[in-house]
Amino acid sequence: MIIEAVNESTCIVYFGDRISDDIAGQVKWATEAIRQNLSDLVIDLVPSYTSVLVCYDADRTDRFGIASRLRKALSEEEQEAPDESASSTIELPVYYGDEVGLDLDEVCDYSGLSRDEVVRIHSEQTYRVYAIGFSPGFAYLGITDQRIALPRKATPRQKIPTGSVGIAGSQTAIYPSATPGGWQIVGRTPQRMIDWDSDSLALVSVGDRVRFRSIDRQEYLDLGGNLDEF
C-alpha cells in the first residue's frame, strides 16, 4: 500500500499497478474501511482499478495526519477483510439480436467465431466492476474473455443507444445513457442502470460482480426494452 499526496486536500491510496481481481478486492474493502473509520475527515472517496482517491477536510487535518489515519484504519481492517464470495452479484438481461447488436458481426469476423459462440462466451463470464466514470453510472467491467476481446472502433459513433452493451479490449460495459462512444456494441439491456432519485445513483458499485443473461426479443420487449435507435 502506497499513499501519495495529490494536493492540500486530496491523496491517493495505491494497492498495486495492474488490473486484477485480488487488487480490486482490496480496493473494495479499503473503500468501506475508510468510509467507516474516517467519516469525520473524509469528504469524498473515488475507488478505481488499483487505487482509492481520498478527498478530506483540510481544515481538520493535513497530509501527514490523513496518511497516519489511513494506515491505521487499513492495517486494522486488512486483518478482517471481507470474504469476496459474499460480494454482490447483479444479473443483467441482455438481448443480442440484430436490431441492437450493432457490431456483433464485426466481433465475429475479428474472432472467427459464430454469433452464438460470441454470445455464449460473453454471457457466461462473471465480471468485476473495476471503475465507474466517463458518464454517470458507466461501469467498466472486466475481464472479457480474450477470444472476443477486440479494440475500440477507429471512429466512435456520435451517439450510442441507452442500455447498449459493448466490448473494448479486455473490458465490457453498459451505456447507462445515450452518449458518444467507440466500444463494439454487441447487445442491449432493458435494465435501467441509473436512478437519479437514489443516493447511490448507479445500479452497480465498484467491487460488485455482474453477469449477463441472454434473452430473446420478446422477453426484452416484455421487460421494457426499446428497439428504437436511441
Side-chain angles (χ1 to χ4, degrees), residues 1-84 86-90 92 127-142 162 168 171-181 183 191-210:
M1 181 180 70
I2 298 173
I3 302 174
E4 290 186 358
V6 176
N7 54 40
E8 68 278 1
S9 62
T10 310
C11 65
I12 299 181
V13 185
Y14 292 99
F15 296 92
D17 58 3
R18 58 186 174 83
I19 298 176
S20 77
D21 223 32
D22 290 342
I23 292 175
Q26 293 180 56
V27 169
K28 179 179 173 64
W29 67 253
T31 301
E32 291 305 313
I34 296 169
R35 182 174 289 118
Q36 292 175 16
N37 292 287
L38 280 77
S39 59
D40 57 323
L41 298 177
V42 171
I43 297 172
D44 194 17
L45 295 172
V46 184
S48 189
Y49 294 92
T50 62
S51 64
V52 182
L53 180 75
V54 181
C55 302
Y56 58 89
D57 188 345
D59 291 332
R60 305 190 64 182
T61 190
D62 58 18
R63 63 190 181 96
F64 301 106
I66 193 70
S68 177
R69 287 284 300 275
L70 285 168
R71 289 192 184 93
K72 183 176 186 298
L74 298 182
S75 177
E76 291 175 351
E77 286 293 326
E78 190 170 8
Q79 306 306 316
E80 301 177 2
D83 181 1
E84 278 298 294
S87 295
S88 174
T89 299
I90 298 168
L92 297 177
Y127 301 90
R128 164 88 72 167
V129 180
Y130 282 112
I132 295 179
F134 171 62
S135 67
F138 189 99
Y140 293 85
L141 314 176
T162 299
Q171 297 182 95
T172 191
I174 308 103
Y175 282 76
S177 56
T179 59
W183 292 50
Q191 176 66 54
R192 185 180 181 187
M193 298 302 296
I194 50 177
D195 182 355
W196 297 106
D197 296 323
S198 72
D199 292 335
S200 60
L201 183 65
L203 176 66
V204 299
S205 302
V206 172
D208 286 345
R209 297 183 184 279
V210 172

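Along the sequence shown, residues are numbered consecutively beginning with 1.
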Work out which heavy atom in Ile23 is nearest to a heavy atom in Ser20; give both atom names and the distance. N-OG, 3.1 Å
Looking only at heavy atoms, what is the nearest atom pair of Ile132 and Ser205, with distance? CD1-CA, 4.0 Å
Measure the spacing between CD1 of Ile2 and SG of Cys11 and express it to the nearest 0.5 Å. 13.0 Å
Testing the basics here: between Ile66 and Thr61, what is the closest heavy-atom pair and its distance to 0.1 Å? N-OG1, 3.4 Å
Shortest non-hydrogen contact from Leu74 to Ala33? CD2-CB, 4.0 Å
Might you point out which heavy atoms bring Ile174 and Leu141 nearest each other, and give the distance in Å? CD1-CD1, 3.8 Å
Can you tell me how far the CD1 atom of Ile3 sits from the CD1 atom of Ile12, to the nearest 0.5 Å? 11.5 Å
Minimum heavy-atom separation for Phe15 to Ala30, with atom names? CZ-CB, 3.4 Å
Got a second to check how far Leu41's CG is from Asp59's CG, nearest 0.5 Å? 11.5 Å
Yes or no on side chain to side chain contact (heavy atoms under 4.5 Å, CB included) for Thr172 and Val210, after CA distance, side-chain angles and deciding distance? CA-CA 11 Å; Thr172 191; Val210 172; over 6 Å; no
Gap separating the CG atom of Asn37 from the CZ atom of Arg69, nearest 0.5 angstrom: 8.0 Å
Within-4.5 Å side-chain heavy-atom neighbours: Val42 and Arg35: no
Side-chain touch Arg71/Met1, heavy atoms, less than 4.5 angstrom: yes
Within a strict 4.5 Å, meaning less than it, do heavy atoms of the Ser177 and Pro136 side chains meet? no
Between the CG atom in Leu38 and the CG atom in Leu70, the distance rounded to the nearest 0.5 Å is 5.5 Å
Minimum side-chain heavy-atom gap Val54-Leu45 below 4.5 Å: yes
In terms of heavy-atom contacts, does CG of Asp40 have more than 12 from other residues, nucleotides or ligands at under 6.0 Å? yes
Student check: side-chain heavy atoms of Asp17 and Thr50 closer than 4.5 Å: no
Find the distance between OG1 (Thr179) and CZ (Phe138) and round it off to the nearest 0.5 Å. 7.0 Å
Thr162 and Met193: CA distance, side-chain angles, deciding distance, side chain to side chain contact (heavy atoms under 4.5 Å, CB included) verdict: CA-CA 9 Å; Thr162 299; Met193 298 302 296; over 6 Å; no
Donor-acceptor contact present, side-chain Ser68 to main-chain Phe64, <3.5 Å: no
Any donor and acceptor pair, going by atom type alone, linking the side chain of Arg128 with main-chain N or O of Gly207 inside 3.5 Å? yes
Using the ring of each side chain (for Trp, its six-membered ring), is Tyr49 parallel, tilted or perpendicular to Tyr130, with breaks at 30° and 60°? parallel
Evaluate the side-chain proximity of Arg209 to Asp21: yes if any heavy-atom separation is below 4.5 Å, no if none is. yes
